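So the structure is just underneath, and the comments pick up after that.
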Amino acid sequence: MATKGTVNVQTENIFPLIKKFLYSDHEIFLRELVSNAIDATSKLKVLSTSGEAKGNLGDLKVEVLLDKEAGTLTVKDRGIGMTEEEIEKYINQIAFSGAEEFVQKYEGKEGAEQIIGHFGLGFYSAFMVAKKVQIKTLSFKEGAQAVQWESDGTPEYEITEIEKEDRGTEIVLHIADDSTEFLEDARVKGILDKYCKFLPIEIKFGTQTIKQDDPSGEKDEEGNVKKVDVVVDNIINNPNPIWTKAPADLSDEEYMAFYRELYPMSMESPMFHIHLNVDYPFNLTGVLYFPKLKENIEIQKNKIQLYSNQVFITDSVEEIVPEFLTLLHGVIDSPDIPLNVSRSYLQADGNVKKIASHITKKVADKLKGMFNNDRKDFESKWDNLKVFVEYGMLTDEKFYDKASKFALVKNSKDEYFTLEEYQEKIKPIQTDKDDKLVILYANSKDAHDQFITAAEERGYDVLILDSPLTPHYVSQLESKLENVSFARVDADTLDNLIKKDVEIPSKLSEEEKEELKPIFEEVVNKEKFTVQFENMSETDSPIVITQPEFMRRMQEQQRMGGGGMNMFGSFPEMFNLTVNANHPTVESILKKEGDDRKKVAKQLTDLAMLSQGMLKGSELTTFIKRSIELI
Ligand code: ADP
Ligand code: MG
């Protein structure tokens, strides 16, 4: 007996519409069909536990089959199946009205693929790739009659009674001529890998041959048991990924192994992980890994995978977690993240906000815990962690509040301090005459060695701030910490960086300075260098070249595309050439005549440039020649 009917829809040609608007993501039909099969199987398991489904359930694997000759792709399960009435209800009426609603609402809109499963278009997405779809199904209910539903992509369908021994459902897709890629093993394998890797029921796709010990126990020449080829089911998924298990039951090795499973291509191992497990006020599980970030910010992003009940949804999670957290790797699984809405809506969603702040809190707590439990270990990880923490502190107020207690700074002697500890440490020596604490820093030991050494000789301490975020981070700390300013060691002379209440008298008179100034101005590029005099100690260098803090920071922030300073145009490189008014060699210039004056001035400035690595090319050659002459 066959029943014919018409699916009750207003949009006459819905299938062409489905095809057209979901064009970019045809492949998700497989995710939809496989997750339906998984759902049907999970339901059966529940019904069996409650006693509603009787008897032994047998093998519950879901299977995906390709038949190239027949041109079909089949998804087969041994779940609850459907009766004719259920097909009528769930396929003809509900599923279809969902599809129609979807098409009407989201015609041509961005992000349509994300929404597909959540409007009940799930099953009908098969028509994106199939010219004909058959459902062959036998309900688990006692005495049920097997039925087949068939439709060729028009609203007409046909239901017939069929012979089917096995409980469950087979969805047979007769693949359309423009979609034959979905008959290719590799293509289908790729889709299953992407979307179905962690579905909760085993999924079989073909078979594979593996080597096993010969059951006869026969040995080879070396005395090892011989291996034989055995054909086994190829199971494409891991039904029990670690985020579904209790942290107490897992070892570090298991977390590491799972990381490898998630990122088979990754060469680096993560430093540590956080296991997320929330069931109130929303559901969220997941494992986040901390990669070794070093100086890298950009390339690591988009590694977090988002799942909904173990079904892969997306790996672009920017709207769901705060930006700095996207530096982390791992998985988040939440059935409570609404996917049936647009991306901008997602950002404003209350649940999503709660989830984001919860994750932020968990991450901060984890770091705090590590800091409290094993300070030495935390310090050893800091260099790989700081970019992440600084990024978080810069972009998330709540994270700043927590992290400012454990964020570390490292000085030139490789000692680590919290921000508070460090302020305490330098208070007695680096407080200036206005009671402001001046924190000296350098970007690297090598580049600023001369300045670091000079500062240390004065008893000052110098931080090494070498993260790419340093320009922004330093500004932030200045605005957050009270009465603290940061100065890079090469920003000015030490006496100017940390102004004390002591006057050093000048050996040179004002007239002598006026006489010397043009001589120095003549030997350097006037656009770039400002010549000034300062009363330093006789033992300080005769000339110091510095780059004013403000100008340099503006430049750095501009290079990073931040700081909001672009309206001033670009910042030129500017330096101060500070002449030590108490240095005997400087004084000696006055005793010389004509060109000899210039020569000494040039030699002194060149030496200062050389110490800064600023003397290059022909200038360097000339300098060397002149030095030899002078000797
Ligand atoms: P959803 O999965 O969101 O409910 P679908 O369009 O994917 O929407 O499926 C519609 C309905 O068809 C399902 O809710 C289910 O009742 C039924 N169904 C689909 N596939 C199967 C299957 N393999 N076994 C049993 N029932 C199924
Ligand atoms: Mg579905």
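One-based numbering, in listed order, for ligands and for the atoms of each. What you are looking at is a predicted structure, and each value in this text was computed from that prediction instead of being measured.
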Numbered atoms of ligand 1 (with element) below 4.0 Å of [X], judged on heavy atoms:
X      : value
Gly122 : 6 (O), 7 (O)
Ala40  : 22 (C), 24 (N), 25 (C)
Ile91  : 12 (O)

Closest to atom 16 (O) of ligand 1 by heavy-atom distance, out of Tyr124, Phe123, Phe140, Tyr90, is Tyr90
Out of Thr137, Asp77, Asn92, whose heavy atom sits nearest atom 23 (N) of ligand 1?
Asp77
If we count only N and O atoms by modelled type, under 3.5 Å, do the side chains of Glu254 and Ser251 hold a donor and an acceptor together?
yes
Side chains of Tyr124 and Glu32 only: does a donor on one sit below 3.5 Å from an acceptor on the other?
no
Does an N or O from Thr169, backbone or side chain, lie closer than 3.5 Å to an N or O of ligand 1?
yes
Which bit of Met82 is near ligand 1, meaning a heavy atom under 4.0 Å away: side chain, backbone, both or neither?
side chain
Regarding Lys226 and Asp213, does a basic nitrogen lie under 4.0 Å from an acidic carboxylate oxygen?
no
Charged N-O contact under 4.0 Å between Glu184 and Lys189:
no
Hey, does the Lys NZ or Arg CZ of Lys303 hover above the aromatic six-ring of Tyr263, less than 6.0 Å from the centre and inside 45° of the axis?
yes
Quick one: do Glu202 and Asn237 satisfy side-chain hydrogen bond (donor to acceptor under 3.5 Å, both in side chains)? Show the steps, please.
CA-CA 6 Å; Glu202 283 192 347; Asn237 61 329; over 6 Å; no
With a cut-off of 2.8 Å, does Asn36 put an N/O/S atom close enough to the Mg ion (ligand 2)?
yes
